[in-house]
Every structure is written in C-alpha cells, then in structure tokens.
Amino acid sequence: MLQKDKTEKKQMASKSKLSRTRNIGVVAHIDAGKTTVTERILFYTGKSYKMGEVHDGEAVMDWMPQEQERGITITSAVTTCSWQNHEIHIIDTPGHVDFTMEVERSLRVLDGAVVVFCAVGGVEPQSETVWHQADKYHVPKVAFINKMDRVGADFFSAVRMMSERFNSKPLPIQIPWGREENFNGVVDLIRQKLLTWDPSTLGLSYEFSEIPLDVKPQIERYREEMLEMLAELDDTFAEKYLEGSLLSEKDIMETIRKTTLSLKIVPVMCGSALRNKGVQPILDAVVSYLPSPEDVPPMKGINPLTKAEEIRISSNQEPLAALAFKIMQDEGRKMTYLRIYSGQLKTGQEIYNASKGKKEKIARLLKMHANKRERVLQAFAGEIIAVMGLKETATGDTICDEDHPILLEPIEFYEPVISQAIEAKTPADQEKLSLALAKFMEEDPTIKVKYEDETAQTVISGMGELHLEIIIDRLLREFNTHVNVGKPRVVYRETIQKKVDIERLFEKELGEKKHFGHVRLTLEPWERGNGVEFIRQIDGTVIPEEYFGAIEEGIHEAALSGCLSGYPLVDIRVRLIGGSYREGEASVLAYKIAAGSAFKDGCAKAEPIQLEPIMDVDVITPSEFMGDVIGDIHARRGEIQAVTPKGSISEIRARVPLKALFGYSTDLRSATQGRAVFSMQFFRFDKT
C-alpha cells in the first residue's frame, strides 16, 4: 500500500511539473523585434541581469559574431526561464527568409508560439510564412503587436490584416492607450484596468489603475466585441453570455485558453519592447493560454518492426521518444538538440536511433542558455535538451528505447535555390574546407555541396545570397579556411513539354550471367511544384512484382540529372504501361537500367525545357516612388500580383525570377532614397 502511495505521489509530482512547462518559440518577420522581446523576457524573469540590445550587438540570444555585426538572428537559440512557478523553454528564431528552415524545425518541436508583428508594417511576408508553418504543425499562438511607439503605428490596422490573411481569428485582449510618441500603456480588456510601466525601473515595475473616464465607453465597446467573439466560438460561454450572467475573469480566461488551444482564436496584445512596455503580459499569456506538453495530442509514430502506428503520451513513465531537431558544432564537437516527448534521459545512458537503426551513448546532457550551458544529470518528458556524444544522429532522427522502438515523422527540408563556386586557396585550406563543409551540412540540411570534376571547384548551394555569405564568413572565422569565391549562380530545374511513349530493353551478359529487363513507359508533363510521380498500370502477370521497386528506383535516379544542363528533372508523371519478362534471365539490375535509360531518352524526345526559381517579392515603399519600383520590377521580368496602399506607403507584391534579383537591395535603396524595404521567398520553379 505504501509503495502504491509513493508511486501515485511521484506521478502527481511529474504531472504537475509537466503541466507547468511551456515550450514556445518567438517567431516573426525580420526586424519586427523578436530578439528584443526575448531579451526583455529574460531580464524580467531574472535570467539576465542586464538587457542586451540588438542594435548594440549585445543581445544574449544573438551570440554569433555574424548576428552581432548584422543585427539579425541567424540561428535559433534556446533558453529556459521561470515565470509564475512555470518553466518556459524559449526558442528565439530568425526572421530572414534565408533561414526559414531554422523556424520550420523549431516549430516542429514546439507546443506554442509568440508571433511578433510590427505595428507599422502589420502582417509582413515572413510573418505570413511563419504563421502558416505554425498552422502546419497545429501550434497554438498568441500575438504581440510591437513598436506601438513608432510613427505610423496602427494597432487596429494590424489586427484587420491578421483577420484578412489568416484562418484563426485575432482576439484583442488589450487595447493601446495612446499611440506613436504618446503610447503610454495598455488597457486590459479582461481585468478592465489600465496597465502602465515605470521607465525608471526599465519596465520592471508596472501598475494597474482605473481606466480614464473619457475612454471608458470606447473600451466597453471593445470588451463587448471580445465577449461576443468568444460566445460565437464556445457554447458553454455563449449560454452564460446570453443569459446575462456576470462573467468572471476566470470564465473569460478559461474560454480564451480553450479556443486558443483549438486554434480558433489568437489572443492579441500590444506594446513596445524597446521602450520596456507590454512584455510581462506576454509571459502571463504564455502561462495562461499556451499549452503544456500535457495539453498537446499524444505524439504519433510508426513502429519500425511491426509498421503499426503507435502513440507516446507526454509522461516520464512512458518509453523514451525524442526528436533530434538541430545539430550544432561546439568547438569542433557535435551537439544535438532533442525535444523529449516521453520518457527520460540520463547521462551515460545507451539509447537507440530508430532512423539509423544504431545504438548511441549519451556523454553529457546540457541545459542551454543561448551559447552558455549548464550540465544536468537527467532530462524529462517535455524538455528541450542538448546532448553530447551522439555520433550518428542527424537532424530529424528519432531517439527512442530499443525495446519499444518508434519512428516519429521526420522534418521536411527545403531545396536550395542559389549556388556559388568556391575553391581553397592552398592545399592546407582544401583539407580544412572538406571538413568544415561536412560539418555545415550536418548542422543545416538546406546546405548542399557538390564537387565539379570539370572545373575542380566545390559548389555550395543554399537558400539565398545571405545564407551563402554567412557560410563563407564562418569558413574563415571558425575554421580559418581561406577560399576564392565565384559569383552566386541560380539553381535551375528541367522538365518536359509534351507526352511521349518510350520502350527500352536491356539484355547483356555480365559475369557469366544473363541480365534481361524490358519496360514501356509513358512520360507526360505534370503541374508545377511537383517532383517525378511513378504510376504503374500493369500487374504482376506482365512483369513480376519484385521488379517494380527497381524500375521506380531507376527512374528516380535518372531524374537527378536532366538532358539539357544536368539539372534535376521535375514535374513529370511517369506511367509504366508494359514490358516483358524472361524466366531465369530477368534481374533487378537490368530492369533498373532499362527504366533509367527509357526515362532519359524519353525526356530528350519530350521537348525538355529549363525552369528557373521564381520568388515572391514584397516591397514596402513610400507611395511617391511606387511608379519607379513597379517599372523596375517589370524590367526584371517580374509580374505584379497586388498593390495595396497603406496611407503614405504602398505594399507591392510581385513574382520575379531569382536571377533578376541579384543586387536588387542596392538598386531599390538608390531608387527610393533608402526608404523602401523588400523581402522575398521562394515560390516555385517555372519557365519565364
């Protein structure tokens, strides 16, 4: 009996710690103020003793030299802090499109997100991207409209843009008190109080006071709108609301939590992180409205032995299941970041990598605070932890208990769109270069490296010009590797324009054994944005089942290099419509070769063309320069998608070939006296 009581108490303690854990990411468009918000959070939770400013290059979370010099976040940094007896694990993510993969893999392992918007720019392109990435992984969100003190700040315009562009409904739970230089605080619609911060304490102390009488009717209207929206989305709340019952703070907050977790609404707050106003309510909202590991659905995976679907509940008592979502090099040693979904980890423990089918051993467990670390002996379900000693593990691998294996859904990676030739300056540099690039590829799966025999050059590919620039900068600083750098080049794709039927037979004697393979294929163009799809339209009576896998493999391997310039082939549908089989002579190798050569020859006859990467471009410019900007986009072979006036500025959305955008940043600044800004992200490969 005593043992049972002890077990129950232990489970209660574990449950309460889990329910008091939050794994959140701070995500946004570049320059919306994510890192500034995170720095304030660390200061107010006592994690940092001083506030680091991004513009001074002193932000704790931007610890890489490249981040400090450029004033941007490049790599997602992890830290842990406490608020109201809750443990909050925070990942501060990059906002620049070249580092979208950092956001993607962070959102894959997070339970909630704080999305930061600029009160002037509203919903900017990269904010849309991160929002949709969060939706893809069903991540509940709270929104913070930052920079309320800036000229042109408009809280209600930003909320309107959110409701127009996103599926979830924005629910303002605060209203700004004053705007631009007169922004002094916020009105809390739930408590019906005015909240102001004391600048002399750097915003550490704040107070609730009564709402001024002159704005009270307006505030009551906004509060009523908030209650109406909650009543529309929740039946229990609607009953109380329609009966005219007195709605307590608890009723309202519980309904906000429920509707946030079901992705129906996104609570919206506002403030100015740089002026130290509005940050503590973000922490309150994280604790009150975002999920703990217990609130998210159990993690699903496939048992690699039985191929059956299994689930893992977030609990220390369940078998171990964790996902490696990030690899970093720490002074030459490999550090693997894991999100533990269930079970526990201990230093020295032997674990199983289900993705690779190999055993690994944990040398050290580290709790991270940006690039600083704290050694721990144990880590539990719901935590984000760094591990030393995992030699084979790569990004997206599942770590589990060997007796209870499970494969979690891996992380999808983007294909690079730009490449650059580099060559080592000396033979000593060549050795270091190969080692360094291998480590970079392990850290960042969107970096691809290829050695070209004809030119004796190494070609690196990445997500954009800045991405490649950072790689080359890191080669010099971290590995002392000197390289000559060529001009950036666009990565193309190839496809076909017409339908063809093709037949190939492979018949050869290799090593005293006859090899026979014979296939008939139909190749046809497929819609843009797809790869190569294989469809078999024959059964095992024409060609036995065991050769279908080899035929498909032969086609996919042949698609890796096209017939025009050797770029990968995409957007092709391949149908296997016939062939033949010879008893005793048919072989896997022969069918693979026959299928590969049929595919290659078919593509050559099907009017192959080259596709180039097209980018979605978003320019925000003062309206007086709009004509010049649009004219320049047309000159770059771009297509205008939309022009949206926003007072004295205009937003221009266009699709432009990547090749035409090299140097665009400088040209745009020159044409607009440095006042326009732009961002771009990959749309698809297409002909122009």
Side-chain angles (χ1 to χ4, degrees), residues 4-26 41 44-47 78-91 106-114 134 137-142 173 190 234 236-237 248-267 280-300 311-323 325 338-346 365 367-368 376 378-385 408:
K4 191 183 172 193
D5 286 351
K6 276 185 180 174
T7 309
E8 280 177 4
K9 275 183 185 172
K10 214 172 177 184
Q11 284 175 344
M12 285 284 288
S14 145
K15 190 174 191 298
S16 69
K17 183 177 188 308
L18 258 182
S19 63
R20 289 184 286 105
T21 301
R22 299 288 181 274
N23 289 306
I24 64 155
V26 184
I41 286 173
Y44 297 138
T45 55
K47 190 74 186 181
V78 181
T79 190
T80 304
C81 58
S82 295
W83 185 257
Q84 292 178 9
N85 200 25
H86 283 65
E87 189 176 274
I88 304 174
H89 303 278
I90 301 173
I91 299 185
S106 300
L107 286 169
R108 169 71 177 79
V109 298
L110 291 170
D111 301 328
V114 175
Y137 295 118
H138 308 291
V139 175
K141 301 165 278 291
V142 296
I173 57 172
I190 300 167
D234 186 81
T236 315
F237 189 83
S248 65
E249 273 180 37
K250 189 173 177 239
D251 289 333
I252 298 169
M253 288 175 75
E254 278 176 1
T255 309
I256 292 173
R257 179 176 174 78
K258 198 163 130 189
T259 46
T260 302
L261 296 187
S262 60
L263 305 184
K264 289 176 185 169
I265 63 145
V266 175
Q280 290 92 336
I282 301 174
L283 286 161
D284 293 340
V286 164
V287 166
S288 302
Y289 309 130
L290 291 184
S292 73
E294 287 182 331
D295 296 318
V296 295
M299 187 50 57
K300 290 178 182 171
I311 61 164
R312 292 286 186 272
I313 296 160
S314 195
S315 158
N316 295 332
Q317 277 69 46
E318 285 268 303
L320 173 68
L323 189 77
F325 70 96
L338 298 180
R339 161 69 199 265
I340 307 171
Y341 288 104
S342 62
Q344 306 178 33
L345 284 177
K346 292 189 177 98
L365 290 173
K367 253 190 186 170
M368 298 304 292
V376 292
Q378 220 169 345
F380 302 96
E383 291 188 358
I384 290 170
I385 196 86
L408 303 176

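- With contacts defined as side-chain heavy-atom distances shorter than 4.5 Å, the pair F237/I252 qualifies.
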- Message: Evaluate L408 against R108 for side-chain contact (heavy atoms from CB on, under 4.5 Å), listing each step before the verdict.
- Response: CA-CA 11 Å; L408 303 176; R108 169 71 177 79; 4.2 Å; yes

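- For N316 (side chain) and A381 (main-chain N/O), a donor-acceptor pair under 3.5 Å exists by modelled atom type.
- Atoms CG and NE2, from L283 and H86 in turn, are 11.5 Å apart once rounded to the nearest 0.5 Å.
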- Task: Quick one: do V376 and I385 satisfy side-chain contact (heavy atoms from CB on, under 4.5 Å)? Show the steps, please.
- Result: CA-CA 10 Å; V376 292; I385 196 86; 3.8 Å; yes

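- The two residues Y44 and W83 make their nearest non-hydrogen contact at O-CZ3, 3.7 Å.
- Note that CD1 of I41 and OG1 of T79 are 10.5 Å apart. Values are rounded to the nearest 0.5 Å.
- Listed here is the closest heavy atom pair of V109 and L323: CG1-CD2, 3.9 Å.
- To the nearest 0.5 Å, atoms OG1 (T45) and CD (Q280) are separated by 10.0 Å.
- Judged purely by atom type and a 3.5 angstrom limit, R257 uses its side chain to pair as donor or acceptor with the backbone of S288.
- Rounded to the nearest 0.5 Å, atoms CD (Q344) and CD (Q317) are 7.0 Å apart.
- Remark: the backbone N or O of G382 is paired with a side-chain donor or acceptor of N23 at under 3.5 angstrom.
- Taking each heavy atom of V286 and R22 in turn, the nearest pair found is O-NE, 3.2 Å.
- Between atom NZ of residue K346 and atom CZ of residue F380 there is a gap of 8.0 Å, rounded to the nearest 0.5 Å.
- The distance from the OH atom of Y341 to the CD1 atom of I313 is 15.5 Å, given to the nearest 0.5 Å.
- A 4.5 Å side-chain heavy-atom check between S314 and V296 finds every atom pair outside the cut-off.
- When side chains are defined from C-beta on, I384 counts as touching L110, because their heavy atoms get closer than 4.5 Å.
- Contact annotation: the side chain of H89 never approaches that of D111 to less than 4.5 Å [non-hydrogen atoms, C-beta and beyond].
- Among all heavy-atom pairs drawn from L18 and P293, the shortest one is O-CD, 3.4 Å.
- Contact detail for E294 and S19: the closest heavy-atom pair is OE1-CB, 3.2 Å.
- Taking both residues in full, the closest heavy atoms of R20 and N85 are given as NH1-O, 3.2 Å, listed atom of the first, atom of the second, then distance.
- Although no hydrogens or angles enter the test, the distance criterion places no donor-acceptor pair under 3.5 Å between the side chain of T21 and the main chain of E87.
- I24 is not listed as a side-chain neighbour of V142, based on a closest heavy-atom distance of 4.5 Å or more.
- By the 4.5 Å heavy-atom criterion applied to side chains, P140 and L263 are counted as neighbours.
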